[in-house]
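Reading through the structure tokens given below for one structure.
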Amino acid sequence: MQIVQDLETVEEKKVGMLHATWRRFKKNKASIAGAVITLIIVGMAVFAPLIAPYNPEKLNYGKELQPPSWNFLLGTDPGGRDILSFVIWGARTSLIVAVGAILIEVAIGVLIGGVAGYYGGVVDEVLMRFTDIIMTLPTILLLLTAVSMFKVRSIVLIMLIMGVLGWPWMARIVRSEFLSLKESLFVEAARSLGIRNLRIIFRHILPNAISPIIVVATLDAPFYIMYEATLSFLGLGDPTAISWGNLVAKGKNVLTSAWWVATFPGLMIFITTIGLNLLGDGLRDAFDVRARI
Amino acid sequence: MKKKLINVILLAITTAQMISALISPAFTAVEGQPIFTLHILVNSADSLQLEMASALREEFAKIGIQLEIVSMEVGALTDRLYSETASSYEDGGWDLAFTTWWWWPTDYMWFIGCWTASGWSPQGWNFMRWADSLADTYLDNAMSTYNKTERIKWLHLWQERFQENPPVALIYWPVIPQLSDAKLQKVDPMLWTGNAWQWYVEGKTPEDNVVIKYSVDGDPGMLNPWFMDGGYAHLEPMFSPLFRMKQVSLEPPVYEIVPELVESYEFSADGLSVTFHLLHNVTWHDGTSFTARDVVFTFEAILDPATGATSYGDFSEFVDSVYMVDNYTVVLNLKKVAPHLISMLSAGGLSILPYHVLGGVPHSELRTHETNTVAPAPGTGPYKFVRWIKGQYMELEAFDNYWRGRPFVDKIILMVIPDPITALQALKTHEIDAIHPSQCQQLINEIPSLKGLTDIAVRGGVVPAITFLAFNNNHTILANPYVRKALCHAIPYEHIINDLLKGYAERANSPVPPYWFGYNPDAPAYTYDIELAKHYLEKAGYHYPLPTTPLSAYTTEIITTAICTFIVGFLLGYFIIKRKQK
């Protein structure tokens, strides 16, 4: 039993690993920039009610399509809503959708990838061929089809659908991690002690495979934000939601006369995506999982 | 272990709070307990409906009614509107919805299908399920006499009754801007391509080869006008009914029904049969001459239920039989008095089709005949069919032997451009010459930016259409006329017309468009008046002032965020200090 306890207290070592990772992460200016951008966006989302100058749904009668001014720093939309407030609140929607979808993706991906990688053989074959089938389908088309099956769409529904369709890549990464880790000595030791398979998967292998999971999740986040915006832009989202994509769609109809409606939410999508991408790249380098992803 | 559990619970509460804030961000909600909640259905493809619904949500909150906006695709929306069993949103139906109805050229007959108990869905268009015996009597009286003054009297009474017991909140008559090349004249927002033979281009002579490109938002479903349900822009230049709509004045826009293929007509003394004397000099596009035989063939085919023509119901309700007196005289026997007959005969669905081409086809096979899909049968219109490339364009060519003479414009190309903004860009670069009015309506925000362009003309006026907020009269709450009146008074009409539509609409006081036969200018219009709305709700049995909460939903959201931030910050700080201590 002593060995098991030793195995489970690898945590102390992890502090050292985290330090090393942080040192590597720090060296890259781009990753720091990505982290700062992401932090700002997350801050915007969390403190939205405190920093937005107006209620984002308040219609200002007679102030429709106003250009940027001191009253409305980024102008107003065709309904007279303040675009700055809308964009700040939109960060909340985008991030919650992305985080929600990632949680679902991780849950499904780790389960399928872990089981496939650990057990191998027929289980692996079946699960991985299924994963391949889903991977061959273009994600955006799959999303469009899935979303258009629902007549009334909410932002939560879109989050669920994106998460449920987004796991194959995660499953593959997790599987490859598991393939190499299950041959390592500590797993063999655990197995020789008669520890149950599921406990080995989740308690012994998974903590060691956490870095590629974090990296893949971070790199997937901008995609979810973009997909949500794309669906909203195409009118397949929830038109009543405070979402950047919805505002871009509204702005598209007045693009030549009111450029500010589509520009600012579009810019926000761009900045958020780039921030998360830089952060993800930085994490990948820092965790030193480049060879594996 | 216990501490860990408490922390997890706190974090879970915070996350749940964040997510719930996302799911229902009803910031404009009623302060306190709403007296009742209604759902409004909006078409997800129509951004204007969403803006109007947002405005209503703010206004209804002021009188204590919580309005939930439900956006759905037009198919699902229609299913809900015409659902037979459901009486509210909760059980699969609807409470409130925006609708725009275009005036059908069937006179007030159409109103019987829309606003009387006999027009209840699914037989008719009355999905509001409004029933008012007094109003029904007025309308029936107006439809059972040929006497014009008598009809006007009943119609005026009907319109007053309509506003007294409102089945819907009338909002506006749309004013449709017709965007076109400034040189192109006579393009009409109501007639679309129906008057293409009148179009002409300034600075060109009839000898020049003039090609007009007209943008439309989609393909026609079929090339046979009998089975069409919309898409007339493609077929109107090719086929003609016996009568047509004509614009008699542009400002104010007045339309009238005038003979097209008919020289003269007279009703019999009892009003139960009509004799039509047809024009002699009309030829079909293939050179055969147009005679009474074609008219008889058309009406007999439409009267046969086996054909399945779109206008079968409207037509067979009044027309008993049709026979030919000589080559240019046709008699129509009626089942009952039909004051709207002439208007009805101007509908595109009653266009005359050639006997010499389709006469041999059994009636039941007309719907699937090859002339419906590949190339249409010859017509009598000013333009003949050249080619149709699905999803791209349809090309029409001027007909040399058109009975009015060859039209000025030599070719009309109907370009499919589904996106209005793309159509506008194409108009600016002179790739097209005119935009279909239904697309122009979505471009009103762009019109101010066109002011400086001399080569683009913005014309148009009030079209015979009405936009209203429909109430489900079957709904337990909305069945009370005082509630409906209260809602009518809580609509910000000025804001919708001046700010959202930029003035491209006129405040409506009647479902009948202005300048139209039977319109009652004295029918009362509802004003935006919150106090009056509250007054009516009190009459309906709801009491003010409402019990209020001290904080609005938006303020509550701000405070919860602050508290959540504090909790999370505290937890983080606690963990960091603990770790440092280790």
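The chains referred to below are lettered A, B, ... by the order of the sequence lines, with proteins before strands, and numbering in each begins at 1.
- In this structure, A/Thr256 and B/Gln425 have side chains that are in contact, with non-hydrogen atoms separated by less than 4.5 Å.
- In A/Lys63, the NZ atom is not crowded: 12 or fewer heavy atoms of neighbouring residues, nucleotides or ligands sit closer than 6.0 Å.
- Using a 4.5 Å cut-off between heavy atoms, B/Asn445 touches chain A through backbone and side chain atoms alike.
- When the candidates B/Met52, B/Met72, B/Glu73 are compared by the number of heavy-atom contacts under 4.5 Å with chain A, B/Glu73 comes out ahead.
- Taking every heavy atom of both residues into account, A/Gly62 and B/His495 meet most closely at N-ND1, 4.4 Å.
- Other residues, nucleotides and ligands contribute more than 12 heavy atoms inside 6.0 Å of the OH atom of B/Tyr172.
- For a residue to count as touching a neighbouring chain, one of its non-hydrogen atoms must lie under 4.5 Å from one of that chain's; by this rule B/Pro420 does not touch chain A.
- B/Glu59 touches chain A through its side chain: at least one heavy atom from C-beta onward sits under 4.5 Å away, while N, CA, C and O do not.
- Each of B/Ser71, B/Ala53, B/Pro448, B/Ser47 has some count of heavy-atom pairs under 4.5 Å with chain A, and the biggest count is that of B/Ser71.
- No side-chain donor-acceptor contact under 3.5 Å links A/Arg153 and B/Ser44.
- To the nearest 0.5 angstrom, A/Leu59 atom CG is 8.0 Å from B/Leu500 atom CG.
- Under a cut-off of 6.0 angstrom, the local environment of CE in A/Met226 is sparse, with at most 12 non-hydrogen atoms contributed by other residues, nucleotides or ligands.
- The two residues B/Pro492 and A/Tyr61 come nearest to each other via the heavy atoms CG-OH, 3.7 Å.
- In this structure, the side chains of B/Glu58 and A/Glu57 stay at 4.5 Å or more apart for every pair of heavy atoms.
- A/Asn253 and B/Glu446 make their closest contact through O-OE2, 3.3 Å (heavy atoms, listed as atom of the first residue, atom of the second, distance).
- Remark: B/Phe570 CZ is loosely packed, at most 12 non-hydrogen atoms of other residues, nucleotides or ligands lying under 6.0 Å away.
- Rounded to the nearest 0.5 Å, atoms CG (B/Leu443) and OG (A/Ser257) are 9.5 Å apart.
- For the set A/Gly100, A/Ser154, A/Pro239, the entry with the most heavy-atom pairs within less than 4.5 Å of chain B is A/Pro239.
- Using a 4.5 Å heavy-atom cutoff, the side chains of B/Val70 and A/Val152 are in contact.
- Contact annotation for B/Ala45: neither backbone nor side-chain heavy atoms come within less than 4.5 Å of a heavy atom of chain A.
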For side-chain contact (heavy atoms from CB on, under 4.5 Å), just list the numbers for A/Leu255 and B/Ile421, CA-CA rounded to whole Å, side-chain angles, deciding distance to a tenth of an Å, and then say yes or no. CA-CA 9 Å; A/Leu255 197 55; B/Ile421 288 285; 5.7 Å; no
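- Neither the backbone nor the side chain of B/Glu494 comes within less than 4.5 Å of any heavy atom in chain A.
- Smallest separation of non-hydrogen atoms from B/Glu51 and A/Gly79: OE1-CA, 3.2 Å.
- The contact between A/Lys252 and chain B is made by backbone and side chain atoms together, counting heavy-atom distances below 4.5 Å.
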